[in-house]
Structures are given as structure tokens and as C-alpha cells.
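Within every chain, numbering begins at 1; the chains are lettered A, B, ... in the order of the sequence lines, protein sequences first and strands thereafter. Just so we're clear, the structure is a prediction, and the values are computed from it rather than from any experiment.
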There are 2 protein chains.
Amino acid sequence: MAARSPADVDLGRLEGALGFLLRLAQLRTQARFFEENAEADFKPGEFTVLWVIWHNPGIRQSVLGQKLMIKRAHMTKLVRSLEDRGLVTRRIPEDDRRAVELTLSTGAETQMKRAETRFFAFEERIGAPLSKTEVEQLNVLLRKFLGLG
Amino acid sequence: MAARSPADVDLGRLEGALGFLLRLAQLRTQARFFEENAEADFKPGEFTVLWVIWHNPGIRQSVLGQKLMIKRAHMTKLVRSLEDRGLVTRRIPEDDRRAVELTLSTGAETQMKRAETRFFAFEERIGAPLSKTEVEQLNVLLRKFLGLG
DNA sequence: TATTGTTATACTCTATAACTATA
DNA sequence: TATAGTTATAGAGTATAACAATA
């Protein structure tokens, strides 16, 4: 009855709960990232933000936040820290002086090219418990779940 | 070029990255949970911990932490808060006086029966963008990804 | 009035390291 | 020596509300 090892634990209905499985999958992925990429330039969140700015130069801070589900107040702090590290430049557009347009610095582009290799190599590795077809299925289902593509 | 709305944003290879999709899916699920369950007794993390204790009475604190990927130091604080609220009882077993065995209080069982209904109803709802078959596929793939069942 | 971004504050989750007690 | 749990501390992420500037 009283479980003495993780394998003995009975999760009951929880084991079929999508929210629970998503949380666990995300936690495990994040934990593995920090184990295997201790000396990486960027954390996953930073990489993602920089990546999207890189591929959408001049993107507005609010749009970036909406897309990546980052709240405005947190976005401010995040962008400030990237700016302080010389990775991102901010520009106030003439047509709407409330907004902020974000661009990658040239130094950041160089760093991102290196980080890209490492990051997507990791993405390949974490799919390992699944076959190539299964990874593709999982991708399709998650994108549909999220209303992307 | 410069994206003015989230729909315009180009995610490039990121859109096919498992870690990224998992993070977004988890974030969205969590955000929806708090929108729709503002008056719930328990947060998802608390519900999960209480659920596992409920279904594995006398489970050791360390085993629970391993299963749910909660670090020991955080586990201590979490269990303390549950104990302070009269939901969980701690017991030092005679055969290993370093360990702590966790059990649900009777009051907590009653609360959990109510919470169970709400929680799993939410779990049903979040699967909505997908068909029943797709939800089942997603469950299977995530469990395999996690090395469960 | 509504929107964009900022500031201030607080709470949760997580990470680390040093510690106690038990094995 | 190793393990289970605790304590203390720090950092990241997130939420809220109040605010300024602009639309």
C-alpha cells in the first residue's frame, strides 16, 4: 500500500489527465535542458524571445508577449535585461509613440547562430523515447491543441 | 516584415520544436485553469500532491517528490503548508526514523471528492480543440515520452 | 476612453548549500 | 559515508494594480 519507490506509486485517473502530463513533460524537458546545456549562452525563454525577434525584426514588444504568452510587466523586465546585455535594441516608431519595436544587435545574431545549433540538437535528443513518426504526430497534435498552424 | 499582430509572427523552426510546444501548451493550460477555477480549493500543484497522497496513503515524502518532480527543499515547504491547513498528517515510521509518511486528513478527503469533479471536468474541457481520438493519441504519446505506463 | 509600456510589490516555483538526524 | 528531511537564501517567472504617455 504505502509506496516505497516511485515505480510503486498509483496515479489513478491523473495518469490520463492532459494538464498533468503536459506539466510533467515540460518539467522534465526543462530539467534535462539545464543538465545538458549548463554552459549555454541563453536560457530557453531567452533563446525563444531572441529567436522570434531575429526572425521578425522590428516586432512590437506587445505582439511578442502575446505570441509567447509573456505578460507585459514581465516582458519589460525581460527586454531590459536583454538590452543591458547588448543583445536587443529598442526603437520607438514614429507612427505610434506608445509602442516599442525590437531588433537583434549584430553581436546577438552571431551568438544566436551558435545557439541555434545547440538548441535544435537538444530538441532532437529529447524526442528520443519516441520514434520519428511519433515525434511528428506529437508535434502535429500539440500545434493543433495550441491553435498554431 | 515587422509583425503587427500575433498572427503575423513567423516562428520558423521553433514551431516544430517539442520543448517549445510543450512549454506553450503547459502555459496555456495553466492560464486557463486559473481563469476558469478562480474559486477552486486547490491549485493544480496542490491538487496533484493531495491526489497522490490520497491514492497512496503513507507514501514517503521523498517518493512523492521524485514521482512529481518536486525537489526536496520545495517539498518540505509544500507539505508544511498543507499540514498547516489541516489537509495532511505526517508520521515518522519506526523502521526508518529519517523518513516521513504522508496521509490525508478526513476533512481533506471530503474536499478532494469535490475538487476531483471540478478538476477532471476541466481536464475534459481543455482537450476541446482535439477530437476524442486525438486526445487519446496525445495522452499515449505523452505517457510514452515520460516513460509512464 | 483605450492601449502600450513601466514601476512596484508579492507570491510561487525552483535551485543551492549547509545543516540535523538517522541509517 | 549515505540518505531523509530541514533551513536559509537567492533567482526566475508570474500576477496585480497604479501610473505615464500616447492614441
Inset, instruction - Considering just the side-chain nitrogens and oxygens of Ser62(A), establish if one lies under 4.0 Å of OP1 or OP2 belonging to dG5(C). - result: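 So the side-chain polar atoms of Ser62(A) do come within 4.0 Å of the phosphate oxygens OP1 or OP2 of dG5(C), strictly under.
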Legend entry - Distance below 4.0 Å between Thr76(A) side-chain N/O and dT7(C) OP1 or OP2: no
Inset, instruction - Take the angle between the ring planes of Phe47(B) and Phe119(B) and call it parallel below 30°, perpendicular above 60°, tilted in between. - result: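 Phe47(B) vs Phe119(B) ring planes: parallel.
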Legend entry - Glu46(B) with Arg85(B): basic N within carboxylate O range, under 4.0 Å: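 Yes, this pair counts.
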Check salt bridge (Lys or Arg N to Asp or Glu O under 4.0 Å) between [X] and all other residues, then give those that pass, not counting sequence neighbours.
| X | answer |
| --- | --- |
| Glu116(B) | Arg13(A) |
| Arg28(A) | none |
| Glu35(B) | none |
| Arg90(A) | Glu83(A) |

Whole angstroms only, please: what is the [atom1]-[atom2] distance between [X] and [N]?
| X | N | atom1 | atom2 | value |
| --- | --- | --- | --- | --- |
| Arg60(B) | dT6(D) | CZ | C1' | 17 Å |
| Arg28(B) | dT14(D) | CZ | C1' | 17 Å |
| Arg80(B) | dG5(D) | CZ | P | 13 Å |

Legend entry - Secondary structure of DNA chain C in dot-bracket form (Watson-Crick or G-U wobble, distances below 3.5 Å, | marking inter-strand pairs): |||||||||||||||||||||||
Legend entry - Nucleotide of dT6(C), dT4(C), dT7(D) approaching Ala99(A) most closely (side-chain heavy atoms):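 Of dT6(C), dT4(C), dT7(D), dT4(C) is nearest to the side chain of Ala99(A).
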Inset, instruction - Kindly state each residue pair satisfying ring pair (Phe, Tyr, Trp, His ring centres under 6.0 Å) with at least one member in residues 17-42 of chain B, sequence neighbours excluded. - result: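 Of all non-adjacent pairs touching residues 17-42 of chain B, those that pass ring pair (Phe, Tyr, Trp, His ring centres under 6.0 Å) are Phe33(B)-Phe122(B).
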Legend entry - Which residues share a side-chain contact (heavy atoms from CB on, under 4.5 Å) with Glu101(A), sequence neighbours left out: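 Per chain and number, Glu101(A) pairs via side-chain contact (heavy atoms from CB on, under 4.5 Å) with Arg60(A), Arg91(A), Pro93(A), Arg4(B).
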Inset, instruction - Please list, chain by chain and in numerical order, all residues satisfying side-chain contact (heavy atoms from CB on, under 4.5 Å) with Ala73(B), sequence neighbours excluded. - result: none
Legend entry - B/S/- contact track for nucleotides 8-16 of chain C, protein heavy atom under 4.0 Å: BB--SSBBB
Inset, instruction - Let me have a per-nucleotide readout for nucleotides 18-23 of chain C, 5' to 3', with B, S or -, counting only protein heavy atoms under 4.0 Å. - result: ---BBS
Inset, instruction - Hey, could you give me each pair passing salt bridge (charged side-chain N to carboxylate O under 4.0 Å, His left out) that has a residue in residues 104-114 of chain A? Not counting sequence neighbours. - result: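 Of all non-adjacent pairs touching residues 104-114 of chain A, those that pass salt bridge (charged side-chain N to carboxylate O under 4.0 Å, His left out) are Asp41(A)-Arg114(A).
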Inset, instruction - Only counting residues at least two apart or in another chain, list the ones meeting ring-ring contact (aromatic ring centres under 6.0 Å, His included) with Phe145(A). - result: none
